[in-house]
There are 2 protein chains.
Amino acid sequence: MSELPVVQPPYRSAALLDYLARRMRLRTESALAPLGLRPRHLVALTMLRDTDSIAQQGLAEMLQLDGTNVVGLLNELEAQQLVTRRRSPEDRRRHIVELTQAGREKLAQAEFVLAAVEDYVLADLSLEQRGALFELLRQATASQFLHPTVECDAARTDTVGV
Amino acid sequence: MSELPVVQPPYRSAALLDYLARRMRLRTESALAPLGLRPRHLVALTMLRDTDSIAQQGLAEMLQLDGTNVVGLLNELEAQQLVTRRRSPEDRRRHIVELTQAGREKLAQAEFVLAAVEDYVLADLSLEQRGALFELLRQATASQFLHPTVECDAARTDTVGV
DNA sequence: AAGATGATTGGCACTACACAAATGATTGTT
DNA sequence: AACAATCATTTGTGTAGTGCCAATCATCTT
């Protein structure tokens, strides 16, 4: 199973991913607005659910977002009591970010609402296919949750020193 | 095989899609810059390759983009001779947009360059899985190519005739 | 002829960002 | 203890991507 015959025709997912994500985001925005959330909030909450607790910096790397913007994002989430920031016991400069119970519930609520959106945007996929897509997305992003710092060549060489 | 045990837990792809697309877009931007392209251009070119010819308005709907912005986007592409605008014979108000040969080549070139980016962003997926992902994305977006006018609520029934 | 439609241009507004600089709290080092 | 580095925060600046509105010209429909 390691023959890999190379399937290199028009085989690039980048544009399609961009396209589909945009379609999804457009619908998602309006569906989420009543909950006081925007897509970025949903992403952050999702990340936070999948990582028990994480330093604010780690979150920034995971989200590939500038540190200062993470502050603003968390301010918004904290204002709604969806996350908490507490000082790290080991290094009191750090803030450990965690999902609150309310945050968990809000996220579940948001996901419930999004079912309709996904049904619409992914209408051309069967249930099984949507499951497969979800699984692929989950797997493709899983390692970013665990060690977001894995940078490489094409990477920009900031924040390299740990 | 039609039992469908319903897997409805945290089963929403929207956030992951958003997240992965962002990761991809960040890398894509710098990889595409040397070619004088930005992600939006790539999406448009990809759409155009998959639709032999399309009215400018259809393109706007396909891209879910405001009409005036499509104009600007096409201006940029046309300035690089990647697409052509020609008057529709049936309705000379309309512009038919088509990929040029140069456009086709540029797109192929872009996709070649993007291989490295996808290898990086999708590093956690096997080749087979990337193929599966591509196929799912393609299928999920296919109908938008053919009849972008399919709106759920307000369905406008123009541009149907070829 | 009159009104609707497609493309175009220009302008205004807003969001999502990145980036830089300054501050306060804290840590680690010398 | 003094100093440098680090984390979070705030504020300010700049840019890209878009939506939306108004005006214009060409063209189609009635």
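Throughout, protein chains are lettered first and strands after them, A, B, ... in sequence-line order, and every chain is numbered starting at 1.
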Novice: With DNA chain D as reference, determine whether B/Pro89 or A/Val70 sits nearer its 5' end, using the nearest nucleotide of each.
Specialist: A/Val70
Novice: Specify the separation, in whole Å, of atom CZ of B/Arg94 and atom C1' of D/dT27.
Specialist: 12 Å
Novice: Can you figure out which of C/dC17, C/dA4, C/dT27 approaches the side chain of B/Arg93 most closely?
Specialist: C/dA4
Novice: Between B/Ile96 (CD1) and D/dT27 (P), how many Å, whole number?
Specialist: 15 Å
Novice: Indicate whether OP1 or OP2 belonging to C/dT26 is found under 4.0 Å from a side-chain N or O atom of A/Arg92.
Specialist: yes
Novice: Roughly how many Å is it from NE2 in B/His41 to C1' in D/dT18, rounded to a whole number?
Specialist: 14 Å
Novice: Taking B/Glu98 first and then B/Arg104, would you say they form a salt bridge - that is, a charged N and a carboxylate O separated by under 4.0 Å?
Specialist: no
Novice: With a cut-off of less than 4.0 Å, is there a side-chain N or O of A/Asn75 near OP1 or OP2 of D/dA8?
Specialist: no
Novice: Any link between B/Leu26 and B/Leu17 through a network of hydrophobic side chains (Ile, Leu, Val, Met, Phe, Trp, Tyr) touching at under 4.5 Å?
Specialist: no
Novice: Could you tell me the separation between the CD atom of B/Gln64 and the P atom of D/dC20, rounded to a whole number of Å?
Specialist: 12 Å
Novice: Please confirm whether the shortest side-chain N or O distance from B/His95 to OP1 or OP2 of D/dA26 is below 4.0 Å.
Specialist: no
Novice: Base, sugar-phosphate, or nothing: which does A/Asp91 touch, judged by heavy atoms less than 4.0 Å apart?
Specialist: sugar-phosphate
Novice: Report the residue (A/Glu90 or B/Gly72) whose heavy-atom-nearest nucleotide on DNA chain C is the more 5′ of the two.
Specialist: B/Gly72
Novice: Could you work out which one of D/dC7, C/dA7, C/dC17 sits closest to the side chain of B/Gln57?
Specialist: C/dA7
Novice: Looking at C/dC19, C/dT8, C/dA4, which one has an atom nearest to any side-chain atom of A/Asp66?
Specialist: C/dC19
Novice: Figure out the CZ/P separation between B/Arg85 and C/dG6, and round it to whole Å.
Specialist: 16 Å
Novice: Checking side-chain contact (heavy atoms from CB on, under 4.5 Å) against A/Leu107, which of A/Leu82, A/Leu48, A/Thr46 comes through?
Specialist: A/Thr46
Novice: Run A/Asp18 and B/Leu42 through side chain to side chain contact (heavy atoms under 4.5 Å, CB included) and show every step you take.
Specialist: CA-CA 9 Å; A/Asp18 208 348; B/Leu42 191 75; over 6 Å; no
Novice: I'd like to know whether A/His95 forms a side-chain hydrogen bond (donor to acceptor under 3.5 Å, both in side chains) with A/Arg87, so could you lay out the CA-CA distance, the side-chain angles of the two residues, the decisive distance to 0.1 Å, and finally the verdict.
Specialist: CA-CA 5 Å; A/His95 274 165; A/Arg87 292 284 172 185; 3.3 Å; yes
Novice: Rounded to the Å, how far apart are A/Leu65 CG and C/dC19 C1'?
Specialist: 13 Å
Novice: Which nucleotide sits closest to the side chain of B/Arg40: D/dC7, C/dC17, D/dG17?
Specialist: D/dG17
Novice: Consider the side chain of B/Thr68, meaning its heavy atoms from C-beta on, and name the nucleotide among C/dG6, C/dC19, C/dT9 that approaches it most closely.
Specialist: C/dT9
Novice: For B/Leu59 versus B/Ile54, what's the shortest heavy-atom pair and its separation?
Specialist: N-CD1, 3.5 Å
Novice: Calculate the interatomic distance between A/Leu26 atom CG and D/dC20 atom P; express it in whole Å.
Specialist: 11 Å
Novice: With a 4.0 Å cut-off on heavy atoms, is B/Arg25 in touch with a base, just the backbone sugar-phosphate, or nothing at all?
Specialist: nothing
Novice: Quick check on C/dT26: is either OP1 or OP2 less than 4.0 Å from any side-chain nitrogen or oxygen of A/Arg87?
Specialist: no
Novice: How many Å lie between CG on B/Asn69 and C1' on C/dT15, as a whole number?
Specialist: 14 Å
Novice: Between A/Gly67 and B/Val71, which is nearer to the 5' end of DNA chain C once each is assigned its nearest nucleotide?
Specialist: B/Val71
